[in-house]
Amino acid sequence: MTTTAPIVRSSLALATALLMSGCFHDRPPQLGCATEAACATSTTTTSTTTGEPTTSTSTTGASAEPRTFRIDSLRLIDPHLFSDICFDATGLVNMFGLAQQIDDGELNLVLHFADFDPAALAAVLGETESCDLAAQTCVPTDGVSLQLPVEVVTEAPCLGVDPTVFASENAKALNTPEPTCFRTSAVELALPLGAADAPINMLQTQIVFNFDDAADPQAILRGVVSGFLTRASAETVDIEVSGANYNLWAMVQGPEGCAENHSELLPSVDELAGPDGPIEGVWLAFNATASRVALVPP
């Protein structure tokens with residue numbers, strides 16, 4: 001579905017931190033900044049009492065207890081992806097790409113709150129070196145880490161993107177949080193996508209979510225990750241589905257004639273208003289959940 005929306009920055013200041021030089025590594029897929037200009041250099045220190053990493057910019061007195069949540073499910077809801085024979089491969093990408101990587105401990109994305117205060121949250125989105133899923137512990141890594149200011153949303157909608165950019169049936173399937181909810185600032189993000197051979201670069205990426213208990217959360221039960229994938233980025237990414245490789249943009253478009261059989265899902269192509277004219281691409285939306293983990297030394 002086509003829509004035009006301006007590229008805007010959140011009213012909250014965006015602080016993007018990169019803990020090692022470079023934006024992201026193409027293999028294996030890793031979290032990172034979508035553009036080099038969005039990257040800055042920072043350092044971290046480790047608490048000797050909890051093992052939880054805290055940023056060197058914290059200057060307040062007594063700190064609240066840190067909280068870390070590992071994303072334990074990430075499911076593409078919109079758009080649906082179609083093979084060259086018009087087969088809807090979205091379920092396979094979710095099951096054997098994203099879900100398998102997460103369940104096998106190969107994809108360990110975490111939201112970390114160094115000083116957990118529900119009224120003034122600041123999240124860090126990063127990857128960990130490894131996780132013991134049975135013990136619910138993860139080992140931090142010197143990798144790409146994005147600092148995300150978080151706002152409290154007390155009135156609907158929680159979702160920062162207009163839901164009309166999604167297919168109507170897909171929009172109904174989103175795990176959209178209800179107020180009071182939390183929404184990160186919009187960032188440019190390189191996100192690992194299941195069996196893709198490289199991260200996908202997304203503009204205006206936001207995470208919205210509800211905690212199971214806002215005062216003492218142990219999990220994120222309703223979360224949506226949304227962002228705008230440019231055609232230029234999608235054309236450089238191939239996804240393996242059942243042993244065959246498919247170009248991501250070709251799967252977004254679907255083969256010729258496919259829209260006739262899937263009119264409720266196609267076309268998926270969108271446009272975003274950019275400084276030099278419309279940017280062709282597609283809005284992505286993932287359902288996400290996360291569970292609390294402890295960060296431990298290697």
Side-chain angles (χ1 to χ4, degrees), residues 1-7 73-99 156-178 186 189 191 193-197 200-208 222-274 277-289:
M1 280 143 14
T2 303
T3 186
T4 302
I7 293 183
S73 71
L74 192 63
R75 181 169 163 253
L76 179 64
I77 300 299
D78 191 280
H80 279 217
L81 304 177
F82 294 89
S83 73
D84 55 354
I85 58 172
C86 198
F87 171 74
D88 189 341
T90 315
L92 293 178
V93 172
N94 283 329
M95 183 178 300
F96 297 110
L98 292 169
C158 288
L159 200 63
V161 62
D162 186 346
T164 61
V165 301
F166 307 124
S168 58
E169 289 303 309
N170 293 343
K172 295 176 184 177
L174 288 175
N175 249 348
T176 306
E178 298 292 336
L189 177 66
L191 183 71
L193 176 65
D197 59 354
I200 56 173
N201 295 339
M202 298 196 301
L203 307 177
Q204 295 193 35
T205 308
Q206 288 186 298
I207 305 172
V208 295
R222 299 179 66 87
V224 174
V225 181
S226 63
F228 187 81
L229 170 67
T230 66
R231 175 174 182 171
S233 175
E235 287 181 333
T236 66
V237 175
D238 289 334
I239 292 180
E240 181 181 336
V241 180
S242 298
N245 288 326
Y246 298 94
N247 179 260
L248 179 55
W249 184 249
M251 297 184 78
V252 168
Q253 285 187 307
E256 185 177 354
C258 192
E260 297 176 6
N261 297 324
H262 296 279
S263 58
E264 75 283 7
L265 297 172
L266 293 170
S268 295
V269 177
D270 302 313
E271 286 186 347
L272 192 68
I279 301 171
E280 190 174 13
V282 62
W283 282 97
L284 302 181
F286 301 83
N287 280 346
T289 60

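Arg222 meets the side-chain hydrogen bond (donor to acceptor under 3.5 Å, both in side chains) test with no other residue; sequence neighbours excluded. Under the ring pair (Phe, Tyr, Trp, His ring centres under 6.0 Å) criterion, Phe228 pairs with Trp283, not counting sequence neighbours. For Ser233, there are no side-chain hydrogen bond (donor to acceptor under 3.5 Å, both in side chains) partners at least two apart in sequence or on another chain. Listed by chain and number, the residues in a salt bridge (Lys or Arg N to Asp or Glu O under 4.0 Å) with Glu178 amount to none (sequence neighbours excluded). With sequence neighbours left out, the side chain to side chain contact (heavy atoms under 4.5 Å, CB included) criterion links Thr90 to Leu76, His80, Leu81, Asp88, Asn94.
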CA sep, side-chain torsions, deciding dist, call: Leu92, Ser242, side-chain contact (heavy atoms from CB on, under 4.5 Å): CA-CA 8 Å; Leu92 293 178; Ser242 298; 3.6 Å; yes

Test log, rule side-chain contact (heavy atoms from CB on, under 4.5 Å), inputs Gln253 and Val269: CA-CA 7 Å; Gln253 285 187 307; Val269 177; 4.1 Å; yes

Verdict with reasoning, Glu280 to Thr230, per side-chain contact (heavy atoms from CB on, under 4.5 Å): CA-CA 6 Å; Glu280 190 174 13; Thr230 66; over 6 Å; no

side-chain contact (heavy atoms from CB on, under 4.5 Å) assessment of Leu159 paired with Leu174: CA-CA 10 Å; Leu159 200 63; Leu174 288 175; 4.2 Å; yes

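A 4.5 Å side-chain heavy-atom check between Leu284 and Ile200 finds at least one atom pair inside the cut-off. Contact check for Leu265 versus Asn170: side-chain heavy atoms found under the 4.5 Å cut-off. You'll find the side chain of Val224 stays beyond 4.5 Å of the side chain of Phe286, heavy atoms only.
To the nearest 0.5 Å, atom CG of residue Leu189 and atom CD1 of residue Ile207 are 7.5 Å apart. Here the CG-OG distance, from Asn175 to Ser73, works out to 8.0 Å after rounding to the nearest 0.5 Å. The distance from atom CZ of Phe166 to atom OG of Ser226, rounded to the nearest 0.5 Å, is 5.5 Å. Summarising the geometry, atom SG belonging to Cys258 is positioned 10.0 Å from atom CD1 belonging to Ile85; distances are rounded to the nearest 0.5 Å. Atom CG of residue Asn201 and atom OG1 of residue Thr236 lie 7.0 Å apart, to the nearest 0.5 angstrom. The structure places CD1 of Ile77 at 14.5 Å from NZ of Lys172, a figure rounded to the nearest 0.5 Å.
Of all the heavy atoms in Cys86 and Pro255, the pair that sits closest is N-CG, 3.6 Å. Across Thr205 and Met202, no two heavy atoms sit closer than the pair OG1-CB, 3.3 Å. The two atoms that bring Val208 and Cys158 nearest to each other are CG1-O, 3.3 Å, heavy atoms only. Closest approach of Ala234 and Leu248 over heavy atoms only: O-CB, 3.6 Å. Nearest heavy-atom pair across Ala288 and Val225 is CB-CG2, 4.3 Å. Scanning all heavy atoms of the two residues, the minimum distance from Ala89 to Met251 falls at CB-CE, 3.9 Å.
Sorted by first and then second residue, the pairs that involve residues 229-267 and meet ring pair (Phe, Tyr, Trp, His ring centres under 6.0 Å), not counting sequence neighbours, are Phe82-His262.
Put simply, the side chain of Asn247 gets close to the backbone of Glu235: a donor and an acceptor are under 3.5 Å apart.
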